[in-house]
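Any value given below was found using the heavy atoms of this structure, including those in side chains, with hydrogens, waters and symmetry copies removed. Numbering of ligands and ligand atoms starts at 1, following listing order.
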Amino acid sequence: MKTIAIYPGTFDPITYGHIDIVKRGSHLFDKVIVAIAESKRKTPVFSLAKRMELAKEIFVDHGNIEITSFEGLIVDFAQQNNAWILLRGVRTLTDIELEFQLASMNHQMKPNIETVFLKSADQFANISSTIVREIAAMGGNLTPFVPPQVIAAFRQLKK
Ligand code: COA
């Protein structure tokens, strides 16, 4: 049986930190599904279609990485896709508290679904999409944090 992991998030925008976790996950599992949430509550800067397009471009050469969107509970989405693993990246100790809460709630809803954590690589441990958006809005250099496709997408937003 294939081991499928779901990597959920808003990805507004996707950063090198997310990309690192997905690629490392793709070496551990047969398939990683990057599941992009609409996250209306967060009022994303990039449309769901754009966030999907960027992720698809970035992982185009990776046969076992799939990009999709989802609505509703992540555990339901995982079950529909025969995926029993939720993959999450942990950047700092502060992340752990929220991640444990999410993992625990998800496990109580669907005990057959496990959350697997990967520690973020040190160089990406302080990146957040919010800070990336702030740097973009102020015209700062985004090169260390996001790939060129994302920088181009920010330029398009300004037009
Ligand atoms: N590298 C860089 N940044 C990272 C990162 C990493 N490895 N991991 C997380 N982040 C950042 C994200 O970019 C995001 O930054 P931002 O808040 O500045 O935009 C922040 O950390 C939080 O990320 P995350 O926890 O993934 O939140 P999210 O909003 O992107 O996604 C969902 C949260 C979608 C996974 C979660 O709300 C969910 O599962 N929703 C579905 C509904 C559901 O099932 N709810 C019940 C859950 S118990």
Side-chain angles (χ1 to χ4, degrees), residues 4-29 32-55 58-59 62 65-81 83-138 140-147 149-151 153-154 157:
I4 304 170
I6 306 272
Y7 183 57
T10 305
F11 306 108
D12 184 43
I14 192 163
T15 68
Y16 281 133
H18 299 123
I19 294 167
D20 175 57
I21 299 288
V22 177
K23 285 187 180 168
R24 285 161 59 200
S26 75
H27 298 138
L28 296 173
F29 307 111
V32 175
I33 300 178
V34 178
I36 307 186
E38 169 84 78
S39 293
K40 284 211 177 87
R41 199 170 40 87
K42 281 192 157 184
T43 55
V45 163
F46 291 105
S47 68
L48 180 59
K50 190 68 193 177
R51 285 177 276 146
M52 298 259 304
E53 181 190 312
L54 288 170
I58 290 162
F59 296 115
H62 298 262
I65 299 173
E66 198 178 293
I67 317 300
T68 186
S69 60
F70 79 101
E71 279 182 88
L73 290 175
I74 192 60
V75 286
D76 290 339
F77 176 80
Q79 192 170 39
Q80 284 153 19
N81 286 277
W84 312 113
I85 292 163
L86 294 178
L87 176 63
R88 299 288 286 168
V90 175
R91 295 166 296 172
T92 58
L93 292 179
T94 326
D95 275 352
I96 288 182
E97 206 166 329
L98 174 67
E99 289 302 330
F100 275 25
Q101 190 183 13
L102 291 177
S104 164
M105 300 283 281
N106 284 328
H107 198 255
Q108 282 180 56
M109 286 188 281
K110 295 254 194 265
N112 54 342
I113 294 182
E114 297 288 354
T115 302
V116 171
F117 299 105
L118 286 184
K119 182 196 165 296
S120 284
D122 292 343
Q123 68 267 41
F124 305 131
N126 292 302
I127 304 182
S128 92
S129 298
T130 301
I131 298 177
V132 164
R133 291 195 302 273
E134 194 170 305
I135 295 170
M138 294 178 182
N141 177 21
L142 288 174
T143 313
F145 314 119
V146 294
Q149 295 93 327
V150 174
I151 296 177
F154 272 116
L157 273 184

Taking [atom] as the reference point, report whether a protein heavy atom occurs under 4.0 Å from it.
atom                    : value
atom 42 (C) of ligand 1 : yes
atom 37 (O) of ligand 1 : no
atom 33 (C) of ligand 1 : no
atom 29 (O) of ligand 1 : yes

Side-chain H-bond candidate by donor/acceptor type, Thr15 with His18, under 3.5 Å: yes
I'd like to check whether [X] has a polar contact with ligand 1, where a contact means an N/O of the residue lying under 3.5 Å from an N/O of the ligand.
X      : value
Gly89  : no
Ile127 : yes
Asn106 : no
Ser39  : no

Contact check, Tyr16 vs ligand 1, heavy-atom distance below 4.0 Å: no
So if I count the atoms of ligand 1 from 1 in the order they appear, which ones are less than 4.0 Å from some heavy atom of [X]?
X      : result
Met105 : 48 (S)
Ser120 : 7 (N)
Ile21  : 7 (N)
Phe70  : 41 (C)
Leu102 : 47 (C), 48 (S)
Ser128 : 18 (O)
Ala37  : 34 (C)
Thr130 : 16 (P), 17 (O), 18 (O), 19 (O)

Looking only at heavy atoms, which two atoms of [X] and [Y] are closest? And how far apart?
X      : Y     : result
Ala153 : Lys50 : CB-CE, 3.8 Å
Phe124 : Gly17 : CB-CA, 3.7 Å
Val146 : Ile14 : CG1-O, 3.6 Å

Residues His62, Val32; criterion side-chain contact (heavy atoms from CB on, under 4.5 Å); working and verdict: CA-CA 10 Å; His62 298 262; Val32 175; over 6 Å; no
Nearest option to atom 12 (C) of ligand 1, as decided by whichever heavy atom of Glu38, Arg88, His18 sits closest: His18
From Gly72, Gly9, Ser129, Gly17 - option closest to atom 19 (O) of ligand 1 by heavy atom: Ser129
Nearest to [atom], what protein heavy atom do you find, and at what distance?
atom                    : value
atom 20 (C) of ligand 1 : Arg91 NH2, 3.9 Å
atom 45 (N) of ligand 1 : Leu73 CD2, 3.9 Å
atom 17 (O) of ligand 1 : Lys42 NZ, 3.3 Å
atom 44 (O) of ligand 1 : Ile74 N, 2.9 Å

From CA spacing to verdict: side-chain contact (heavy atoms from CB on, under 4.5 Å), Leu142, Val150: CA-CA 9 Å; Leu142 288 174; Val150 174; 5.8 Å; no
Straight-line distance of Arg88 CZ to Leu98 CG, nearest 0.5 Å: 7.5 Å
Glu38/Arg51 under salt bridge (Lys or Arg N to Asp or Glu O under 4.0 Å): CA gap, chis, key distance, verdict: CA-CA 9 Å; Glu38 169 84 78; Arg51 285 177 276 146; 3.8 Å; yes
Heavy atoms of other groups near Met105 CE, more than 12 under 6.0 Å: no
Side chain proximity check, Pro13 to Arg133, heavy atoms < 4.5 angstrom: yes
Residue pair Ile19 / Pro147, side-chain heavy-atom distance below 4.5 Å: yes
What pairs of donor and acceptor atoms, side-chain ones from residues 66-76 against any protein atom, are under 3.5 angstrom apart with sequence neighbours left out?
residue, atom, partner, partner atom, Å
Glu66, OE1, Lys31, NZ, 2.9
Asp76, OD1, Lys110, NZ, 3.3

Plane angle bin for Tyr7 and Phe11 - parallel if under 30°, tilted between 30 and 60°, otherwise perpendicular: tilted
Side chains of residues 111-119: which donor-acceptor pairs under 3.5 Å do they make with residues two or more places apart or in other chains?
residue, atom, partner, partner atom, Å
Lys119, NZ, Asp122, OD1, 2.8

